[in-house]
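Working notes, structure below.
The structure displayed is predicted, hence computed values, not measured ones. Along the sequence shown, residues are numbered consecutively beginning with 1.
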Amino acid sequence: MKLSILDLAPVAPGQTISDSFKSSVRLAQTAERHGYERVWYAEHHNMPTIASSATSLVISHVAHHTETIRLGSGGVMLPNHSPLVIAEQFGTLASIYGDRIDLGLGRAPGTDMTTLRALRREPSAADSFPHDVLELQAYLAGESRVPTVQATPGAGTNVPLYILGSSLFGAKLAAQFGLPYSFASHFAPAALHEAIRVYRDEFAPSDQLSEPYVIAGVGVAAAETAEKAHEVLNVAKRHRVASFLGRNAKKEFTEAEVDMLMDTPQAEQILDMMRYTAVGTGEQVADYLQHFATAAQADELITIHYPTEEQDRLASVKITAEASALISAK
């Protein structure tokens, strides 16, 4: 079983954005030492607790401080950008760091409607996502669909593309284009099984991929004891609810206010996003991940380690890897 990591470059309470990037470097270095396949970074905007908005820059920074682990976007929200600019950015990354750069693509805005307008994006931009994926792919292959326009850097790098999704749309598109499919079951669990079934049933081979390849997202909170794991997961749940509802309310909540929020229907809906979460000791987490991968028909799991404190998060990464025997699998 291949395991990877999704890193949102979280900004923990009392931490600066600079601290967050240093933490992301240490996370990737830990993942590299312990046999993880890749680390991806997601494009989000106007979220005070997430620092990965300039995704290609974060990838470059971490790549400079690592040697072998694959790094990429999970994902770039392509309708926010022109395909040519993304081809140039990831062509630059591939030219500097070689064949360890991934380009995961999503069609959501990665933000709220007000920020969407600040990005100069039209609400209808997502409608052109399939065409934009093909245009981007052609730039990277050096076979531009736009006469006289080439991606420099980018042309001929053939940076591998991945389609990200949380619905049947992405599953069908990835199958039609013959691309790997990454399902966001770590925050949109409802359509997981149906989307993967559709993708596998409808997959058509391509130059990039001869057989379907599925990556599924899953949360993790691993610790030396089950009690400690549940403790750090509980802290992460409270932080998640406060972040989501505080962003909408434009305020920070006290601990007493968070206590009250945790029993609301809104909090229940937010926490259901974490439905697929492995929590406990290394053995318990590894067992959960193996069963989840089998049930989801996933070739690879991309893990989101929920502990908010860096020390606990790195411990979760290490414990999961050791229990899953990643290094020996390599």
ask   = Do Leu136 and Leu105 have side chains that get closer than 4.5 Å, going by heavy atoms?
value = yes

Spacing of CG belonging to Leu93 relative to OG belonging to Ser73, to within rounding of 0.5 Å = 9.5 Å

inquiry  = side-chain contact (heavy atoms from CB on, under 4.5 Å) for Arg275 and Asp272? Distances and angles first, verdict last.
reply    = CA-CA 5 Å; Arg275 185 189 311 174; Asp272 185 57; 2.9 Å; yes

task = Taking Thr115 for its side chain and Ala118 for its backbone only, find out whether a donor-acceptor pair lies under 3.5 Å.
result = no

message = I need the Glu143 CD to Arg145 CZ distance, nearest 0.5 Å.
response = 10.0 Å

query = About how many Å separate CG of Leu261 and CZ of Phe244, when rounded to the nearest 0.5 Å?
reply = 13.5 Å

Side-chain (Tyr97) to main-chain (Ser60) donor-acceptor, under 3.5 angstrom = yes

ask   = Between Ser144 (side chain) and Val149 (backbone), is there a donor-acceptor pair under 3.5 Å?
value = yes

request  = Evaluate the side-chain proximity of Ile86 to Gln89: yes if any heavy-atom separation is below 4.5 Å, no if none is.
outcome  = yes

ask   = Are Ser20 and Gln15 close enough that a side-chain donor and a side-chain acceptor fall under 3.5 Å?
value = no

ask   = Is the side chain of Ser52 donor-acceptor paired with the backbone N or O of Ala42 at a distance under 3.5 Å, no angle test?
value = yes

ask   = Are the side chain of His239 and the backbone N or O of Val235 linked by a donor-acceptor pair below 3.5 Å?
value = no

task = Report yes if the side chains of Val39 and Val62 come closer than 4.5 Å at any heavy-atom pair, otherwise no.
result = no

request  = Give a yes or no on whether a salt bridge exists between Asp312 and Lys228, defined as a side-chain N under 4.0 angstrom from a carboxylate O.
outcome  = yes

ask   = Out of curiosity, does Val11 fall in the hydrophobic cluster containing Val58 (side-chain heavy atoms, cut-off under 4.5 Å, transitive links)?
value = yes

request  = Answer yes if Val85 and Val76 sit in the same cluster of Ile, Leu, Val, Met, Phe, Trp and Tyr residues linked by side chain heavy atoms under 4.5 Å apart, and no otherwise.
outcome  = no

ask   = Under the 3.5 angstrom rule, does the side chain of Thr320 hit a backbone N or O of Val317 as a donor-acceptor pair?
value = no

Side-chain heavy atoms of Arg240 within contact of Tyr306, under 4.5 Å = yes

Ion pair check, Arg313 and Asp7, cut-off under 4.0 Å = no

note = Minimal heavy-atom distance between Leu289 and Met1, with the atoms involved, is O-SD, 3.7 Å

message = Once rounded to the nearest 0.5 Å, what's the spacing between atom CG of Leu84 and atom CG of Asp132?
response = 11.5 Å

task = Nearest 0.5 Å please: distance from the CG atom of Asp287 over to the CZ atom of Phe292.
result = 14.0 Å

key: Sole candidate of Leu103, Asp99, Asp102 that passes side chain to side chain contact (heavy atoms under 4.5 Å, CB included) when paired with Val159   = Leu103

query = Between the side chain of Thr303 and the main-chain N/O of Val218, is any donor-acceptor distance below 3.5 Å?
reply = no

query = If you count the non-hydrogen atoms of other residues, nucleotides and ligands that lie under 6.0 Å from CD in Gln266, is the total more than 12?
reply = yes

Contact check, side chains of Gln208 and Leu179, non-hydrogen atoms, under 4.5 Å = yes

request  = Would you sort out whether Tyr36 and Leu326 count as a side-chain contact (heavy atoms from CB on, under 4.5 Å), showing the intermediate values?
outcome  = CA-CA 7 Å; Tyr36 284 82; Leu326 291 190; 3.9 Å; yes

message = Under 4.0 Å between a side-chain nitrogen and a carboxylate oxygen: does that hold for Glu194 and Arg197?
response = yes

ask   = Is there side-chain contact between Pro10 and Thr308, with at least one heavy-atom pair below 4.5 Å?
value = no

task = Measure across Pro130 and Phe169 and return the closest heavy-atom pair with its distance rounded to 0.1 Å.
result = CG-CZ, 4.0 Å

query = Can you hop from Ile96 to Ile59 via hydrophobic side chains spaced under 4.5 Å?
reply = yes

inquiry  = When you measure from the side chain of Arg200 to the backbone of Gln297, do you find a donor-acceptor pair of N or O atoms at a distance under 3.5 Å?
reply    = yes

query = Do Glu202 and Gln176 come close enough that some side-chain heavy atom pair is under 4.5 Å?
reply = no

task = Could you tell me whether the side chain of Asp259 reaches within less than 4.5 Å of the side chain of Arg238, counting heavy atoms only?
result = yes

query = Testing Glu37, Arg70, Glu300 for side chain to side chain donor-acceptor pair (under 3.5 Å) with Ser4, which one passes?
reply = Glu300

query = Is a side-chain N or O of Ser23 found less than 3.5 angstrom from the main chain of Asp19, in a donor-acceptor match?
reply = no

ask   = Just by distance, do the side chain of Glu43 and the backbone of Met77 share a donor-acceptor pair under 3.5 Å?
value = yes

ask   = Where do Arg38 and Tyr162 land on the side-chain contact (heavy atoms from CB on, under 4.5 Å) test, with the steps shown first?
value = CA-CA 13 Å; Arg38 68 189 92 234; Tyr162 298 74; 3.0 Å; yes

query = Between Val214 and Val198, is there a shared hydrophobic cluster once you connect ILVMFWY residues whose side-chain heavy atoms come closer than 4.5 Å?
reply = no

request  = Using distance alone, with no hydrogens and no angle criterion, decide if Gln284 and Tyr288 have a side-chain donor and acceptor under 3.5 Å apart.
outcome  = no

request  = Check the pair Asn234, His230 against side-chain contact (heavy atoms from CB on, under 4.5 Å), reporting the backbone distance first and the verdict last.
outcome  = CA-CA 6 Å; Asn234 184 56; His230 283 279; over 6 Å; no

